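A quick write-up on the structure given underneath.
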Amino acid sequence: MIATLMAALPPALADVPMPVLVLAAGILILLLAIACRRSDPGGAGSETGAGTVAAALIAAATLGLAFAGLWSPPPPRAADMARLFAADAWFAYGAGLILLSSGGILAMSWRRMAGERADEAHLLLLLGTLGAIVVTGSANAVAFFVGLETLSLSLLGLIAYRPRLPDALEAAMKYLVLAGTSSAILLFGLALAYAETGDLRFTAPLAANPAEPALATAATLLVLTGLFFKLSAAPFHLWLADVLDGAPIPVAAFIAVVSKIALFVALARYFAMTDLTGTALPAQDLAVVAVLSMVGGNLLAFGQTNLKRLLAGSSIAHIGYLLVALLSAGPFGAGSAAFYLAAYAAATLGAFAALGAVPDHPDLASWRGMFHRRPAVALALSVMLASLAGIPPAVGFFAKAYIVAAGMSAHRMVLLAALIVSSIIGLCYYLNVARVMMTPAPEAAAPAGAALPGTTVLLGALALATLLVGLFPGPLVQRTTGLFLPAAPGRETAARSHDILYAGAPPPRPRLLR
């Protein structure tokens, strides 16, 4: 049935993956439902429980159908059609993680936002997910930039969605300024790349043997700077802690999980045809940023007394670990990056779900004695922190070991040394949270309220998955083996990746600046 629908699409939509079409249709349906409800003078309005449930059901159905659309076969394409999207296995894997994470965030947030025009929040959630999916699969610079701005503007609305929070508007303003600045830098880099190559393919211009290497290098550095800002990789990371601290917990989870997955997948695709194994400038820059992110992120989180800010530092450090996998071309590079993305998404989403299960308690001191007051939540949070720290049997241990194996095979000894040192630093503050939760609570401690059903189910499912995949990693390892990840030009893997990405595309036009 899905294949029939895809074949019936007009030629202009033949290159668009099914999840993108489903999300766009779901957004239009939700917009229509909001308009109908608010235009009815006798209606209950979107602030009622009925409006919240209707919006949540539409959003959940859209995410479910988009996830099912990942298995739809690609439609036939004309041989001379330039490719906007690369619907390959790397896209399907990243899009699957994004859709599952967005579903978990929806389960965390839909009841909590009742009475606050929740339909608009669900609409922004779907828009942000759509932007993330487009970023994940873009093989064209224009499609990538449109998806990136869709994601950024949706996040801006979600951060400021609850203005009654003390720091929500300040966090939104910081994100607005820095997101706009990084988008301008990135767009300038894309424009320079087009001026050099005459091509809108989303790939580093250095891979095309440019006539002006200096211009191609400048374009690559500008694009990298913009992407590092969006990824909050060090030294472009200072905004993340303030934004996560001021945003609602589900929105903070969306920023730390969904946007990071989409942007890392796009970063890997950008360097699909670039040799990152030598001492070329992109490889050096990525290595420096990886070391700074691993060490700086863990130092930022060390000693934090606010759990949101602690998780912000943890997120920065994990971007550094992923960059180690990106730089480790070899038999384990692709699999280690893909496996680590899944482990990071599950553990970070679970940690924010634990915070959502005890709302209005972001300070570490308020979690003292949580093993006595809310043992299930404390145990689940401990499992997530153990995974982030790389403690067995949680999945994070195998994920880090997988990256170490990839780094060893690629002889990235300096990066591995930084990974080990930063992991030891991270171990200290992760275990400190568990220590605080085991400490007896003072008699005057406020009792923790009951968690919402959606958050409880999500937290239990993520904790169970984190342990089971850590004990039995084989199925996920098989799923992630052979996924596309950058390889050096001239190798069979790189040629195959190029065929997947750009099959049927016309040859590049003459360079504009010669």
Side-chain angles (χ1 to χ4, degrees), residues 1-3 5-7 9 13-26 62-77 83-104 126 128-140 143-144 147-148 151 202-203 257-272 322 325-326 333-346 349 399 465 469 475-487 493 496-504:
M1 179 179 178
I2 295 178
L5 291 175
M6 291 291 289
L9 289 174
L13 299 179
D15 193 37
V16 181
M18 178 58 75
V20 175
L21 297 175
V22 172
L23 284 168
T62 301
L63 293 174
L65 291 174
F67 188 78
L70 291 173
W71 282 269
S72 62
R77 303 172 59 252
R83 174 161 289 190
L84 290 177
F85 295 94
D88 51 13
W90 186 238
F91 161 76
Y93 184 80
L97 289 180
I98 288 171
L99 290 169
L100 290 174
S101 301
S102 296
L126 289 183
T129 304
L130 174 62
I133 295 291
V134 171
V135 167
T136 299
S138 294
N140 182 279
F144 168 79
L148 183 63
L151 173 62
F202 184 65
T203 185
V257 177
V258 172
S259 65
K260 298 298 181 71
I261 295 173
L263 289 164
F264 179 79
V265 171
L267 179 65
R269 193 179 298 282
Y270 184 71
F271 286 109
L322 284 167
L326 180 66
S336 63
F339 192 98
Y340 202 91
L341 273 178
Y344 166 78
L349 186 60
V469 178
L476 185 57
V477 170
Q478 294 176 0
R479 176 67 182 87
T480 56
T481 300
L483 288 178
F484 157 74
L485 202 65
T493 305
R496 184 165 57 250
S497 300
H498 184 275
D499 292 339
I500 292 173
L501 282 172
Y502 305 123

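Being a predicted model, the structure only gives us computed values, none of them experimental.
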Exercise. Which is it for L126 and L63 under the side-chain contact (heavy atoms from CB on, under 4.5 Å) test, yes or no, and what are the steps along the way?
Worked result: CA-CA 8 Å; L126 289 183; L63 293 174; 4.0 Å; yes
Problem set entry | Criterion side-chain contact (heavy atoms from CB on, under 4.5 Å) on L322 and L326, from CA distance to verdict | CA-CA 6 Å; L322 284 167; L326 180 66; over 6 Å; no
Taking all non-hydrogen atoms of both residues into account, name the closest pair between [X] and [Y] and its distance.
X: A345; Y: I261; value: CB-CD1, 3.9 Å
X: L84; Y: A143; value: O-CB, 4.1 Å
X: V258; Y: S101; value: CG2-CB, 3.9 Å
X: V257; Y: L349; value: CG2-N, 4.0 Å
X: G147; Y: V135; value: C-CG2, 3.5 Å

Distance check, rounded to the nearest 0.5 Å: [X] atom [atom1] versus [Y] atom [atom2]?
X: N140; Y: T203; atom1: CG; atom2: OG1; value: 12.0 Å
X: L263; Y: L151; atom1: CG; atom2: CG; value: 6.5 Å
X: F264; Y: Y340; atom1: CZ; atom2: OH; value: 11.0 Å

Exercise. What is the ring orientation for W90 with Y93, classed by angle as parallel under 30°, tilted 30 to 60°, or perpendicular over 60°?
Worked result: parallel
Exercise. In terms of ring plane angle, is the pair Y270 and F202 parallel, tilted or perpendicular, where the classes change at 30° and 60°?
Worked result: tilted
For this session: Would you check, one step at a time, whether the test side-chain contact (heavy atoms from CB on, under 4.5 Å) holds for V265 with L341?
Result: CA-CA 9 Å; V265 171; L341 273 178; 4.2 Å; yes
Is any side-chain heavy atom of [X] less than 4.5 Å from a side-chain heavy atom of [Y]?
X: F144; Y: R269; value: no
X: L99; Y: L70; value: yes
X: F85; Y: I133; value: no
X: T129; Y: T62; value: no

